[in-house]
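Here's the structure we're looking at; comments come further down.
Each chain gets a letter, A, B and so on, in the order the sequences are listed, and its residues count up from 1. Note that the coordinates shown come from a computational prediction; the quantities given were computed from them, not determined experimentally.
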Amino acid sequence: MTVRTRIAPSPTGDPHVGTAYMALFNWVFARSQGGEFILRIEDTDVARSTSESEQLILDSLKWLSIDWDEGPDVGGPHGPYRQSARKHIYQAHAQQLVESGHAFHCFCSAERLDEMRAAQRAAGDNPRYDGHCLSLSADEVHTRLGAGEEHVIRMKIPETGDCVFEDALRGQIEIPYAQVDMQVLVKHDGFPTYHLAVVVDDHLMEITHILRGEEWINSVPKHLLLYEYFGWEAPVLCHLPLLRNPDKSKLSKRKHPTSVNYYRTIGILPEALTNYLGMMGWSMPDEREIFSPREMADDFELARIHLGGPVFDMAKLSWLNGQYLRGLTPDAFMDRIQDWALNRENLSKLVPLLQERTEKLSDLVSQVDYLLGDRVPLTPADFEAGKADLETQTLVLDHVGREFDALRHWERDALFEICQQLAGHLGLKIRDFLFPLFIAISGRTVSLPLFDSMLFLGPDVTRIRIREALNVLGVSKKQAKRLERAYREYQSVQPAASD
RNA sequence: GUCCCCUUCGUCUAGAGGCCUAGGACUCCAGGUUUUCAUCCUGGCAACAGGGGUUCGACUCCCCUAGGGGACGCCA
C-alpha cells in the first residue's frame with residue numbers, strides 16, 4: 001500500500017504559517033514512507049473563498065519548496081482537486097446517506113436553531129441539534145421538498161454510547177456520542193460542509209494517513225461515522241499540536257504574524273522557515289537543529305512528535321535564519337538579496353514614489369529604509385508632535401488595527417475608506433488622524449505617502465507595525481477594555497464595511 | 001458550562017524505570033577574540049506543575065488535583 005497524505009487548505013485569506021506547518025509534516029511523512037503528497041483546495045465556503053487566496057497558498061508552499069504529486073495545478077488521477085468542482089460528487093453521496101437512513105432533511109430556521117442553542121447553553125449543556133426534523137414524516141418531507149422549501153441535510157448520530165478510536169500519537173480516545181452534533185452535511189446552497197467533503201475526498205483520493213491539527217479531534221466521531229455509513233475503511237488519524245502565540249493560545253493574526261508572506265518580506269529564508277517549523281514538536285534523533293525537510297524525512301518517526309503546543313519564537317527563528325544566511329557563499333547571498341527585494345520588479349513599485357522627491361540618487365536609501373528594512377525603534381516621544389493627544393492617537397491606532405485585521409482585500413480604496421470613516425467618527429481632520437499611522441509605519445513624520453507605503457509593505461507587515469506602535473504607547477488592561485468597548489460602539493453605528 | 005487534548009529551564013526540546021548531580025539550543029548575563037559592531041569561542045543563570053500510588057528504584061507507569069489549550073456554526 002502506498003502511503004498518501006494531503007494538505008487541504010481553505011483559500012479564505014493569507015497563506016497561514018499553520019498551513020505550512022501541517023503541509024511540512026504531511027510532506028515529510030509521505031516522503032519518509034516513499035509515499036505521495038496531495039494538495040486539495042477546500043473551497044466549499046463560497047462566500048469566503050477566493051482564487052487570489054488559493055494562488056497565494058500555492059505560491060507560499062512552492063516558495064518553501066514543499067511540492068505535491070497531485071493538486072489543482074498539476075492534476076492527477078483523482079481529480080478534480082478543488083472541492084467546488086466536485087459538488088455533484090458530494091450531492092450523490094449525501095443522497096445515498098439519506099436513502100440509507102443515515103441522514104435526513106432539516107428545515108429548521110436559523111432563528112429556531114439560535115434559540116435552541118441559547119436555551120441549551122443556559123441549561124449548561126453542550127449545544128446540539130435537538131432532532132426536530134427527525135420526526136417529520138416521509139410524506140411531509142416530500143411535500144416540503146417539492147415546494148422548494150429551503151433545507152439542509154444533517155447526519156444522524158447514535159443516541160448513546162461512545163465513539164472509541166485510535167490516534168496514532170495519542171492512543172485511544174473516547175468521545176460520548178451525546179457530545180456530537182447532528183452535523184449539517186449539505187448546506188442550503190447545495191454545497192457540502194467540510195465534514196462531508198473531507199471524508200468523501202479522503203476516501204476517493206485514497207488518503208491513507210491524515211495528519212492535521214488537534215483542533216479536529218472533536219470532529220473525529222462525525223468523520224468515523226460517515227466512513228461507517230458509507231462502508232469505507234477509515235485512514236490512520238494523527239493529530240498534531242497547534243502552533244501557539246506567546247501567550248499559549250492558538251496562533252492568531254491578532255496576536256502574532258501568521259502569514260507566510262510576513263516572514264518572506266522581513267527576509268526570512270524559506271529553508272530557515274521550514275527548518276524552524278520542523279523543530280516545532282519534532283526533534284532529530286541526534287538532536288541536530290539545522291536540517292532540511294529531506295533530512296527530516298530520512299529520519300522521520302511519527303512517535304518522536306512531542307504533543308505540547310509549541311510557542312512560536314521569533315528570536316529563535318531569527319537565529320536560525322542567521323545560520324543559513326552566514327552559510328551562503330557571497331554569490332548566493334547576493335542572489336538571495338535579489339530574490340527577496342532588490343529586483344527590478346520590486347523596485348519598479350518604488351520608483352513612482354521616489355523619483356519626484358529625489359535630488360540625488362543617494363537620497364534613495366534613506367527614503368526607503370523603512371520599506372525594505374525596519375524603522376528606527378519607536379518611543380512614545382515620537383508621537384508627541386501630533387496634533388491629537390496620545391490617548392486619541394492610541395485610539396486611532398487601535399481601531400485602524402482592528403479594521404485592518406478584518407480587511408480581506410488589501411486595496412488602496414479600502415484602506416482609505418476605513419481611515420476616512422474613522423476620522424469622521426472621531427471628529428478628526430484626516431491629517432491629524434493619519435499622523436500616528438505615519439509614525440507607526442515609517443517611524444518618522446516625513447515619509448513617502450502613507451497609503452502607498454502600506455500597500456507596498458502589505459497587510460502583514462503593516463498590521464504588525466501598528467501593533468508594535470500600540471505596544472510602544474503602552475496600553476493598560478483598563479485602557480484595552482475601554483478601547484474594545486469604543487470599537488464595538490463604532491462598529492454598531494457603522495454601516496457594514498464593504499470590502 | 002459540556003466534552004476532548006496537553007503539561008521537563010522564560011522559549012524550542014532530549015529523556016521510552018536505574019546512564020539524571022536532568023543534557024542540548026534560543027534568549028539573557030559575564031569573559032575572550034575582533035580597530036567598532038556582528039560573527040566566533042569560553043563560562044554562568046534557569047525546569048521534571050502538585051499530591052498520592054506501583055516498584056528495590058520513577059522525569060519516565062497508574063490515579064487524583066491544578067494549570068494551559070482546543071471543540072461546541074448551514075467556517076474550515
Side-chain angles (χ1 to χ4, degrees), chain A residues 8-13 16 18-19 41-49 83 106-110 113-114 117 120-129 150-154 162-163 165 167 169-171 173-198 212-222 239-251 275-290 301 303-323 325-327:
Chain A
S10 171
T12 54
H16 202 280
T19 303
I41 297 295
E42 310 231 320
D43 54 352
T44 55
D45 184 343
V46 192
R48 293 202 304 146
S49 297
Q83 290 186 330
C106 170
F107 301 91
C108 292
S109 68
L113 294 174
D114 284 347
R117 290 189 185 114
Q120 288 167 331
R121 230 180 263 277
D125 289 332
N126 193 16
R128 186 168 176 264
Y129 185 63
E150 195 165 275
H151 67 279
V152 300
I153 296 177
R154 288 180 185 274
D162 294 341
C163 173
F165 64 95
D167 179 279
L169 285 172
R170 295 160 204 261
I173 296 175
E174 299 174 27
I175 297 174
Y177 283 123
Q179 291 292 323
V180 183
D181 199 4
M182 295 183 218
Q183 179 65 49
V184 170
L185 298 177
V186 179
K187 309 176 215 177
H188 76 89
D189 62 4
F191 273 91
T193 56
Y194 167 83
H195 303 279
L196 206 220
V198 80
R212 59 176 14 164
E214 65 177 319
E215 55 196 318
W216 295 109
I217 292 179
N218 287 292
S219 301
V220 169
K222 294 170 186 173
H239 293 90
L240 304 180
L242 257 21
L243 260 24
R244 309 286 185 91
N245 296 314
D247 70 358
K248 306 265 192 185
S249 56
K250 165 168 132 175
L251 201 67
N275 190 156
Y276 181 70
L277 291 176
M279 290 166 47
M280 304 276 86
W282 163 264
S283 61
M284 293 293 264
D286 61 1
E287 292 195 59
R288 139 178 66 123
E289 294 200 291
I290 309 285
E301 262 177 88
R304 280 192 71 82
I305 293 176
H306 186 246
L307 293 176
V311 171
F312 201 110
D313 181 17
M314 285 301 273
K316 189 138 187 183
L317 208 211
S318 295
W319 167 80
L320 236 194
N321 201 52
Q323 296 293 310
L325 243 20
R326 288 191 286 273

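Taking the side chain as every heavy atom from C-beta outward, A:Ser49 and A:Ile41 never approach each other to under 4.5 Å. Side-chain contact between A:His239 and A:Val220 is present, with at least one heavy-atom pair separated by less than 4.5 Å. Here the side chains of A:Lys248 and A:Val311 are in contact, with some heavy-atom distance below 4.5 Å. Residues A:Cys163 and A:Val180 have side chains not in contact (no heavy-atom distance under 4.5 Å, counting atoms from C-beta outward).
For B:C72, the paired base is B:G1 (Watson-Crick or G-U wobble, both distances below 3.5 Å). With a cut-off of 3.5 Å on both pairing distances, the Watson-Crick or G-U wobble partner of B:G18 is B:C56. For B:C48, there is no paired base (Watson-Crick or G-U wobble, both distances below 3.5 Å). Judged by Watson-Crick or G-U wobble contacts below 3.5 Å, the nucleotide B:A38 has no partner. Partner assigned to B:G67 is B:C6, using Watson-Crick or G-U wobble distances below 3.5 angstrom.
Nucleotides B:A58 and B:G17, compared at atom C1', are 6 Å apart to the nearest Å. B:C62 and B:U7 are spaced 12 Å apart, taking the P atom of each and rounding to whole Å. Rounded to a whole angstrom, the distance from the P atom of B:G23 to that of B:A46 is 12 Å. Across the C1' atoms, B:C37 and B:A22 are found 37 Å apart, a figure rounded to whole Å. The gap from the P atom of B:U8 to that of B:U60 amounts to 12 Å, rounded to the nearest Å. Across the P atoms, B:C20 and B:C12 are found 24 Å apart, a figure rounded to whole Å. When the P atom is compared between B:G44 and B:A25, the two are found 12 Å apart, to the nearest whole Å. Taking the C1' atoms as reference points, B:G51 lies 34 Å from B:C28, given to the whole Å.
Looking at heavy-atom distances under 4.0 Å, A:Gly322 makes no contact with the nucleic acid at all. No contact: A:Arg212 has no heavy atom under 4.0 Å from any strand. Residue A:Leu185 is out of contact with every strand shown, counting any heavy-atom pair closer than 4.0 Å. If you check every strand for non-hydrogen atoms under 4.0 Å, A:Glu174 touches sugar and phosphate atoms only.
Remark: the A:Arg244 side chain and the A:Ser249 side chain contain no N/O donor-acceptor pair separated by less than 3.5 Å. Side chain to side chain, A:Asp43 and A:Gln83 fail the donor-acceptor criterion of an N or O pair below 3.5 Å.
Partners of A:Glu174 under the salt bridge (Lys or Arg N to Asp or Glu O under 4.0 Å) rule, at least two apart in sequence or in another chain, do not exist in this structure.
Between A:Arg304 and B:G15, a side-chain N or O to OP1/OP2 separation shorter than 4.0 Å is present.
Using modelled atom types, no side-chain atom of A:Asp181 and backbone atom of A:Pro127 make a donor-acceptor pair closer than 3.5 Å.
Interatomic distance, CD1 of A:Ile175 versus CG of A:Asp162, reported as 9.0 Å (0.5 Å rounding).
Rounding to whole angstrom units, NE2 of residue A:His306 and P of B:C9 are separated by 10 Å. Straight-line distance from the NZ atom of A:Lys248 to the C1' atom of B:U11: 8 Å, rounded to whole Å. Put simply, CD on A:Glu287 is 12 Å from C1' on B:A22, counting in whole angstrom units. As a whole-Å value, the separation of A:Asp167 CG from B:C5 P is 10 Å. Taking atom CZ on A:Arg288 and atom P on B:U13, their separation rounds to 17 Å, with Å as the unit. Here B:C6 presents its C1' atom at 7 Å from CZ of A:Arg244, a figure rounded to the nearest Å. Rounded to a whole Å, the CG atom of A:Asn275 is 12 Å from the C1' atom of B:C12. When rounded to the nearest whole Å, the span between CG of A:Leu169 and P of B:A16 equals 18 Å.
Note: A:Tyr276 and A:Trp319 fail the aromatic proximity criterion, with ring centroids not under 6.0 Å apart.
The pair A:Asp189-A:Lys187 does not meet the salt-bridge criterion, since no charged nitrogen lies less than 4.0 angstrom from a carboxylate oxygen.
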One pair to check against side-chain contact (heavy atoms from CB on, under 4.5 Å): A:His188 and A:His151. What are the steps and the verdict?
CA-CA 5 Å; A:His188 76 89; A:His151 67 279; over 6 Å; no
Could you list the protein-to-nucleotides 25-30 of chain B atom pairs, N/O on both sides, closer than 3.5 Å?
residue, atom, partner, partner atom, Å
B:A25, O4', A:Glu289, OE1, 3.1
B:A25, O2', A:Glu289, OE1, 2.5
B:A25, O2', A:Lys316, NZ, 3.3
B:A25, N3, A:Lys316, NZ, 2.9
B:C26, OP1, A:Trp319, NE1, 3.4

Protein heavy-atom contacts under 4.0 Å, written 5' to 3' over nucleotides 71-76 of chain B as B (base), S (sugar-phosphate only) or - (none), form the string SBSBBB
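Donor-acceptor pairing under 3.5 Å, judged by distance alone, is absent between the side chain of A:Glu214 and the base of B:G69.
Residue-to-nucleotide proximity on RNA chain B shows that, of A:Gly281 and A:Ile173, the 5′-proximal contact is made by A:Ile173.
Nearest nucleotide to the side chain of A:Leu242, out of B:G70, B:U39, B:U8: B:G70.
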